[in-house]
Structures are given as structure tokens and as C-alpha cells.
There are 2 protein chains.
Amino acid sequence: MLKYKSLYHSLKKEIQQGTFIPGDLLPSENELCDQHQITRTTARKALDELQREGFIERLHGKGSQVRERRKSLGLLNVKGFSEAVGQQVDAIMLQAPDYRGWSDRIQFPVKENEQSASCIHFERLRCVNEEPVMLENNWFASTALPNFCQLGFVDGSFFKTLSQCFFIEIVGSEQEIRAEVASSEVARLLRILPGDPVLHISICFSTSHSSLTIYSELYCNTTQYPIGNSYHL
Amino acid sequence: MLKYKSLYHSLKKEIQQGTFIPGDLLPSENELCDQHQITRTTARKALDELQREGFIERLHGKGSQVRERRKSLGLLNVKGFSEAVGQQVDAIMLQAPDYRGWSDRIQFPVKENEQSASCIHFERLRCVNEEPVMLENNWFASTALPNFCQLGFVDGSFFKTLSQCFFIEIVGSEQEIRAEVASSEVARLLRILPGDPVLHISICFSTSHSSLTIYSELYCNTTQYPIGNSYHL
DNA sequence: GAAAATAGCTTGTACGTACAAGTTACTTTT
DNA sequence: AAAAGTAACTTGTACGTACAAGCTATTTTC
């Protein structure tokens, strides 16, 4: 594991677990250097990442302060659902992973080297406090992930499974966001009325594995939980 | 001007103006160092920023490649409308900047030190090819920007005005995104029907001036142009 | 006692170096 | 002619140093 990533994960974990609460100052850059046997350049790279994702605020002359996180679904900068609201979150698998042809519902052009491979697809319904809030479809080429369909999800998280079973990380994403009227199918699953507005997000995730791109299609009921996004420095 | 910001702006300008087109490789990091009399650390900081905003892709062992930008409104990571679609974009001022009380339409808690100041507000309608696509409301404390109401906008851009007249830069933002039904007022301005879905974005921009926060409220017709967002590394 | 100076911390920018690792084109070997 | 090796580029990580600039608590001065 790279040194800056290791520190980044370690600090993020401590923030998420409540070791540091909003308002707290993290150890200073020099202290982190001593604790982890790294240089300030490396420590700052980890803190840069935490800042971009909105976990901390850097105060010139003071330190790195843990930020208050709003209760939104926090999805746009983020690699999944797990960094979201501090509430009971779960997922219902509507269509378990299986082999299909490439769907025309994918809003991004599928890369050529992937089109020739077969496509794995799965569909889930995300719930907060047992209320459905997001319908999620994912497509990707089967080549990079042998035996994926036989595996279960680590902690119910697709991205954790990618990381822990295949050592593949998300390194970027491109998204398009629209407000649309719910189709009868989407409305039924999200328990809203056909014609109600839904947030439609198309995402194309690039990963550390060059032949794996993940194409996602999300429909969100934002009545109770808006989608959040933050950006710093 | 800081060295890394200067290089960042210079490269971004060249990409936007078409000096480098998608697929081109930028000068290598070492070449940029020679051209601008800086070290690789500084050059990389500028390239990091361009990468995060989706302008370039870094190819290990090859170089920094200019990315294909999709024709979306590209607003979420971005500081304004200007980085958007390569089409005719303009704005109609519906309510010129003037002093008002703090509106209850602001979706974020207004900071205490700002509440005591008076509030400047303006409203604009953004158009692409003369079709209205976004209704924009902005609020901020008057203290940081003396005589703002008397000034015109530089190139029609609020953020350019902040930068060039007041030397204030956007350093972060927090956003909440919802799909809603258009009110009759919003529908009339966006030339859609009341009840049609609109994308509702609430933004809170933090700036390099500690006593200036900009609160924005956007309503978008995403039928033709979705809102785009990208994230890399 | 109040104000000003100071010392010691913090983060921000920028310098320079070294080596690992990926890509490419050329050269050598087979 | 094909394959293997190599040299010269590229970016990625990490080291270490220096000074600027912001914050805070203490000390000194008035």
C-alpha cells in the first residue's frame, strides 16, 4: 500500500468512526510525519484528498479541522453509498449479477475493447430507514472480474468488493444529471407516482484496471434526501 | 499571482481556446518546467488541478492528454457557467444587484457574522442558443464587496468580476441537488410547463475572503443539456 | 492594566533530488 | 525477418529543505 493512501484511509476511518468529531483538529502535519515515518509532502497529499472530499477543512496557521457533514446522500464525488447519511442504509438486490448483452440504457459510449467482451449487469434498490430512495443499475465488462457472478458482496458494497477481492480502485468518474418524470417502472420501485420528478444520474467510473469501466444509471427520489456534493480548495 | 495558479490558468486557457485539442498531449512536465522557470512539484500541482476538473488525463509513461469534454453544462465542480458547452451562452439580468434582507430561500445556514450585514441579491436567466436553461439567484453579504451594485460584470461573469475587481477567488463549494416540479414562476421563466421536472441545485460557495460566502439557488431545465460533473484521480 | 512585541506553533508555496515504473522507438541479437 | 534487449523519454511516489504567512499565547513595554 502506498504511504499517502495508507494515511488517507487511516484518517478517514478515524473520522467516520468518530475518533475525531466535527470541529476537532487532526494531528498537525509534522505530528503525522513523526507518527507514520513519512515526510510532510506525503502527509499533505493524504490531507489534500480528505479536503477535496469534504472531510476536513484546512485552516492556515491553525490546523486541519474535521468538518460537519450534512445529511445528504453524498454521492457525486464519492465512490459509493457508504459515505452517506449516518442512518440505517441497506440495499435490495432486484437483479443479481449475470451476463447480458450491452444495454442501450448506458448513456456513455462503451469503449471498443469492452464491447467485444460480455457484459455483467446487476440492479439494486437502495433504502434509507427502509424507504426506497435510489434505483441503481450497473454494467461492466466481465473480463476484468473472473467469477464475479459467483461471489457475494463484501459488506453489501460493490466498490468494497472490487477493492478487497480484485484490488481495483475507482480513480475517476464522469456524471450527467437530469431531472425527469418517473416512468411507471421507476415509480413503482421508488414508491412514488408515475410522473413525479426523479433525479436521473448517469455515471461512468474509470478504475485502476485499464480494461474495467463501470457504467451506472441511478434514479433517485430526492424528496427527503438530496444528493450532496462538496469541493474544496 | 502564484506560480502554480498562473500555469494552471495559462494551460486551461489554451485548452479552452483550442490551442490544444482533445487527444493532444500537453508539453511534458519537464518541458513546462523549462518554459515557465518552475520546478516539477509546481508544474504537477497545476496539472493536478486540471486533471481534477476533467480537462486532462494523465497517462503514466506517456504524458498529459487533453480530454474530450462532453456538451453538458459542467457546473458542479466548476466556478461558473463559462466552462460550459462550446455554444452561444448568454445571460439576461432579471433583477440587478441590490440590497435586500436575507432571503428565506437560502438553503444553507447563513454564517452569523454575515447575518448582521446587509445582503446583496441578483437574479439572472442563463440561455444557450437563446433558449433559457437556468434560473440563477445569488445572495451574499455586502461588506466584502463595496460599491458592488454600482459596478458592471466583467465579461458578464460574476466570478470573473470577483476575481478581477476584488481579487477574491472561489475556494470551495457545497451543493445539494434535487429533482422537483417547476413552480408556475420558474416554469414561466424557463419556458416549460408548471409541473414539469426541474433540477434544483442549492450551492454555498466559500471564497478566499473569509467574510464572503456566496449562496446560490439554481433551477435548470435539463431536457436538452444535462448538468455535468467529473472527477479524476 | 492595556497595548505592543515576540516566540512558537500551524499551514502554504516552492525549491531540488532520487528512484520506480510505464511507454516508445531504436538497436542488437538470434 | 522476428525477437529480445536497451536507451530515452514519460509520469508517480517519496524524500528533504527553505521560507512565507497566519494564528495564539506569552512576555515585554508603555
Side-chain angles (χ1 to χ4, degrees), chain A residues 1-11 20 23-52 55-67 113 167 169-172 206-211 232-233, chain B residues 1-11 20 23-52 55-67 113 167-172 206-212 232-233:
Chain A
M1 177 78 104
L2 298 175
K3 289 189 172 185
Y4 81 91
K5 281 195 179 170
S6 156
L7 175 57
Y8 158 78
H9 282 118
S10 140
L11 288 172
F20 299 112
D24 283 0
L25 293 179
L26 295 185
S28 77
E29 295 174 357
N30 284 319
E31 284 170 337
L32 291 174
C33 295
D34 294 345
Q35 290 169 14
H36 294 80
Q37 306 295 317
I38 55 179
T39 53
R40 231 184 111 209
T41 317
T42 309
R44 281 182 67 80
K45 196 162 179 179
L47 292 171
D48 283 349
E49 191 73 15
L50 290 171
Q51 178 177 34
R52 290 207 298 112
F55 286 96
I56 62 169
E57 185 169 4
R58 313 279 275 286
L59 304 174
H60 191 175
K62 279 191 81 174
S64 297
Q65 190 174 42
V66 177
R67 283 173 52 101
N113 57 330
F167 308 104
E169 303 291 336
I170 303 297
V171 297
S206 43
T207 72
S208 52
H209 192 305
S210 62
S211 64
H232 303 277
L233 201 159
Chain B
M1 178 77 104
L2 296 176
K3 289 188 171 184
Y4 81 90
K5 281 195 180 171
S6 157
L7 175 58
Y8 159 77
H9 283 118
S10 142
L11 288 172
F20 299 113
D24 282 359
L25 292 179
L26 295 186
S28 78
E29 296 174 357
N30 284 319
E31 284 170 337
L32 291 174
C33 295
D34 294 345
Q35 290 169 13
H36 294 80
Q37 306 294 317
I38 54 179
T39 53
R40 230 185 112 208
T41 317
T42 308
R44 280 182 67 79
K45 195 163 179 178
L47 292 171
D48 283 347
E49 191 74 13
L50 290 171
Q51 179 177 34
R52 291 207 298 113
F55 287 95
I56 61 169
E57 186 169 3
R58 313 279 275 285
L59 304 174
H60 191 175
K62 278 191 81 173
S64 297
Q65 190 174 42
V66 176
R67 281 171 54 99
N113 57 330
F167 307 105
I168 293 175
E169 302 291 337
I170 303 298
V171 296
S206 42
T207 72
S208 51
H209 192 305
S210 61
S211 63
L212 179 67
H232 303 279
L233 200 160

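Residue numbering restarts at 1 for every chain, and letters A, B, ... go by the order of the sequence lines. For clarity, every value in this text was computed on a predicted model and none was experimentally measured.
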**Prompt:** What's the verdict on side chain to side chain contact (heavy atoms under 4.5 Å, CB included) for B/D48 and A/D48, showing C-alpha distance, side-chain angles and the deciding distance?
**Reply:** CA-CA 11 Å; B/D48 283 347; A/D48 283 349; over 6 Å; no

**Fill in**
Reading nucleotides 15-23 of chain C from 5' to 3' and marking B where a protein heavy atom lies under 4.0 Å of the base, S where only the sugar-phosphate is that close, and - otherwise, the string is BB-B--BBS

**Message:** As an exercise, state the distance from CZ of B/R67 to CG of B/L50, rounded to the nearest 0.5 Å.
**Reply:** 12.0 Å

**Prompt:** Can you check the A/K45 NZ to C/dT13 P distance for me, whole Å?
**Reply:** 16 Å

**Prompt:** Quick one: which of D/dT13, C/dT11, C/dA14 gets closest to the side chain of B/L2?
**Reply:** C/dA14

**Request:** Kindly calculate the angle separating the two end axes of the helix from C/dG1-D/dC30 to C/dT30-D/dA1, each obtained from five base pairs, and round it to 10 degrees.
**Result:** 20°

**Request:** Round to the nearest Å and state the distance from A/L47 atom CG to C/dT10 atom P.
**Result:** 13 Å

**Request:** Check the distance between D/dA14's P and B/R44's CZ and give it to me in whole angstrom.
**Result:** 11 Å

**Request:** Evaluate the side-chain proximity of B/P27 to B/F20: yes if any heavy-atom separation is below 4.5 Å, no if none is.
**Result:** yes

**Length of the CG-C1' vector between A/L7 and D/dA14, whole Å** = 14 Å

**Item:** Integer-rounded Å distance: D/dC23 C1' and A/Q65 CD
**Value:** 13 Å

**Request:** List in numerical order all residues of residues 23-34 of chain A for which some heavy atom is under 4.0 Å away from an atom belonging to DNA chain D.
**Result:** none

**Request:** For A/H209, check side-chain contact (heavy atoms from CB on, under 4.5 Å) against everything at least two apart and list the hits.
**Result:** A/A144, A/I168, A/T207, A/S211, A/L212

**Request:** Only counting residues at least two apart or in another chain, list the ones meeting side-chain contact (heavy atoms from CB on, under 4.5 Å) with A/S6.
**Result:** A/M1

**Request:** Compare all side-chain heavy atoms of A/T41 with those of B/T41 and state whether any distance is below 4.5 angstrom.
**Result:** no

**Prompt:** When the distance from CG of A/D48 to C1' of C/dT13 is rounded to whole Å, what number comes out?
**Reply:** 12 Å

**Message:** Taking side-chain contact (heavy atoms from CB on, under 4.5 Å) as the definition, give me every residue that meets it alongside A/L25, ordered by chain and number, with sequence neighbours left out.
**Reply:** A/Q65

**Complete:** Residues passing the side-chain contact (heavy atoms from CB on, under 4.5 Å) test with A/T42, sequence neighbours excluded, are A/K3, A/Y4, A/I38, A/T39

**Request:** Please report, rounded to the nearest Å, how far the C1' atom of D/dA14 is from the CE atom of A/M1.
**Result:** 16 Å

**Request:** Start with the C-alpha distance between A/S206 and B/E57, add both sets of side-chain angles, then the distance that settles side chain to side chain contact (heavy atoms under 4.5 Å, CB included), and finish with yes or no.
**Result:** CA-CA 11 Å; A/S206 43; B/E57 186 169 3; over 6 Å; no

**Asked** Is any side-chain heavy atom of A/L11 closer than 4.5 Å to a side-chain heavy atom of A/I56?
**Response** no

**Request:** Identify, with sequence neighbours excluded, every residue that meets side chain to side chain donor-acceptor pair (under 3.5 Å) alongside A/E29.
**Result:** A/R40, A/R44, A/R58

**Complete:** Whole-Å distance, A/Y4 OH to D/dT11 C1', equals 12 Å

